[in-house]
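Below, chains carry the letters A, B, ... as their sequence lines are ordered, and counting in each starts from 1.
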2 protein chains.
Amino acid sequence: MINYRYKINKNNYGNRGMCLEEDINSTNEYYIENDIALIYKKPTPIKATKVSYSNNKNIVINEGFFEKQSTTDYNGIYKGYYIDFEAKETNNKTSFSLNNIHKHQIKHLLNVVKHGGISFIIVRFNSISKNFLLESKFLENFEKENERKSIPLTYFEQYGYPINEKFIPRIDYIKIIDILIKEKTNEKNNI
Amino acid sequence: MINYRYKINKNNYGNRGMCLEEDINSTNEYYIENDIALIYKKPTPIKATKVSYSNNKNIVINEGFFEKQSTTDYNGIYKGYYIDFEAKETNNKTSFSLNNIHKHQIKHLLNVVKHGGISFIIVRFNSISKNFLLESKFLENFEKENERKSIPLTYFEQYGYPINEKFIPRIDYIKIIDILIKEKTNEKNNI
């Protein structure tokens, strides 16, 4: 999810009602400053089609376009675990269209699990002001078991974890990762 | 390390003597395709200062500048471990200037270790065609124990791991990570 307006004009930083990306970025800053986790948003890839050089020999982009991320927007480390996720908003009241996430991104999220990491999506339903964290395995299950290309809100309610918004940090998703780590450890120990 | 020329003009892909960045990118592609590891280069951050909209409502960057990476260029997962590193080339024959790596990048690499990950730098000495992997802890030790701001080649020979170039994969650094993982596990088990 990319809020280009925000990227270019940062004057709405202090406002309430920030977009999900900004809420996650400020949450990640909180985690980094408090030495809790190191999770960053990757820069948006740009394709520069025309460039020139400034007087001080720096490259100036004279024409460029935003490109799709080849993996996901966020990754990093928490308690030794590799963390990887994608965040999306929807204005739909009852479902989240899978068109919002590219096939190669879902493949990447599942690959992360295969390599021993923790991956998920965070989805915000704007109309009802609710955020959910859904593990990649439930994303995979949904795709396998359903013909339809949008995940109903009820599926998030059943298999996802709600994340309530707070003042600081805005989207405290790390508490849910703690639950996922506990499950992972239990699986390992065959409890 | 950013080779802007390459980014814009890809016609030298098949050539020998590719830059370190390209060698690492092709090595990472090999790891991904063969399901060995998921390690990617982050896109170069861009500051867009003038934008407009195309006829199909896409954003066009009319003026933009390349920015410094706030963390490091490469990260990902291998055998469940979070991996993070920076890669640099030098034309100097006898030492590597620390001016090539920003203070915030070194801080980030050390933070990664603190959070249980594996981090390092890969340095290529172009003039002698040698590559070394140096763990962050030795980067830290050097900074603590030395006034001078460049690391001599002999330090890399003593504390780093040489990486010989091969045809496929070009820079097979994962074998060294295997050694680091073994050391890490031994430390944990107090062997």
Under 4.5 Å from a heavy atom of chain A, the part of [X] involved:
X: B:Lys79; answer: backbone
X: B:Asn111; answer: both
X: B:Ile36; answer: backbone
X: B:Lys50; answer: neither
X: B:Asp35; answer: both

Gap separating the [atom1] atom of [X] from the [atom2] atom of [Y], nearest 0.5 angstrom:
X: B:His115; Y: A:Ile39; atom1: NE2; atom2: CD1; result: 9.5 Å
X: B:Tyr82; Y: A:Ile83; atom1: OH; atom2: CD1; result: 10.5 Å
X: B:Lys114; Y: A:Ile77; atom1: NZ; atom2: CD1; result: 12.0 Å
X: B:Ser70; Y: A:Lys42; atom1: OG; atom2: NZ; result: 13.0 Å
X: B:Glu63; Y: A:Glu63; atom1: CD; atom2: CD; result: 13.5 Å

I'd like to know whether A:Phe65 forms a side chain to side chain contact (heavy atoms under 4.5 Å, CB included) with B:Ile61, so could you lay out the CA-CA distance, the side-chain angles of the two residues, the decisive distance to 0.1 Å, and finally the verdict.
CA-CA 6 Å; A:Phe65 301 92; B:Ile61 299 163; over 6 Å; no

Around [X], counting heavy atoms of other residues, nucleotides and ligands shown, do more than 12 lie under 6.0 Å from its [atom1]?
X: A:Asn56; atom1: CG; answer: yes
X: B:Lys68; atom1: NZ; answer: no
X: B:Lys182; atom1: NZ; answer: no
X: B:Lys184; atom1: NZ; answer: yes

For the hydrophobic clusters of this structure (ILVMFWY residues joined by side-chain heavy atoms under 4.5 Å, transitively), does one cluster hold both [X] and [Y]?
X: B:Leu110; Y: B:Val112; result: no
X: B:Ile106; Y: B:Val123; result: yes
X: A:Leu38; Y: A:Ile118; result: no
X: A:Ile128; Y: A:Ile171; result: no
X: A:Phe96; Y: A:Tyr161; result: no

Leading residue by heavy atom contact count with chain A [cutoff under 4.5 Å; candidates B:Gly64, B:Ser52, B:Ala37]
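Between B:Gly64, B:Ser52, B:Ala37, the count favours B:Gly64.
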
Does any non-hydrogen side-chain atom of B:Gln69 lie less than 4.5 Å from one of A:Pro43?
yes

Once you measure the plane-to-plane angle for B:Tyr40 and A:His108, does it fall in the parallel (<30°), tilted (30-60°) or perpendicular (>60°) bin?
perpendicular

Check the side chains of B:Asn62 and A:Asn62 for a donor-acceptor pair under 3.5 angstrom, ignoring hydrogens and angles.
no

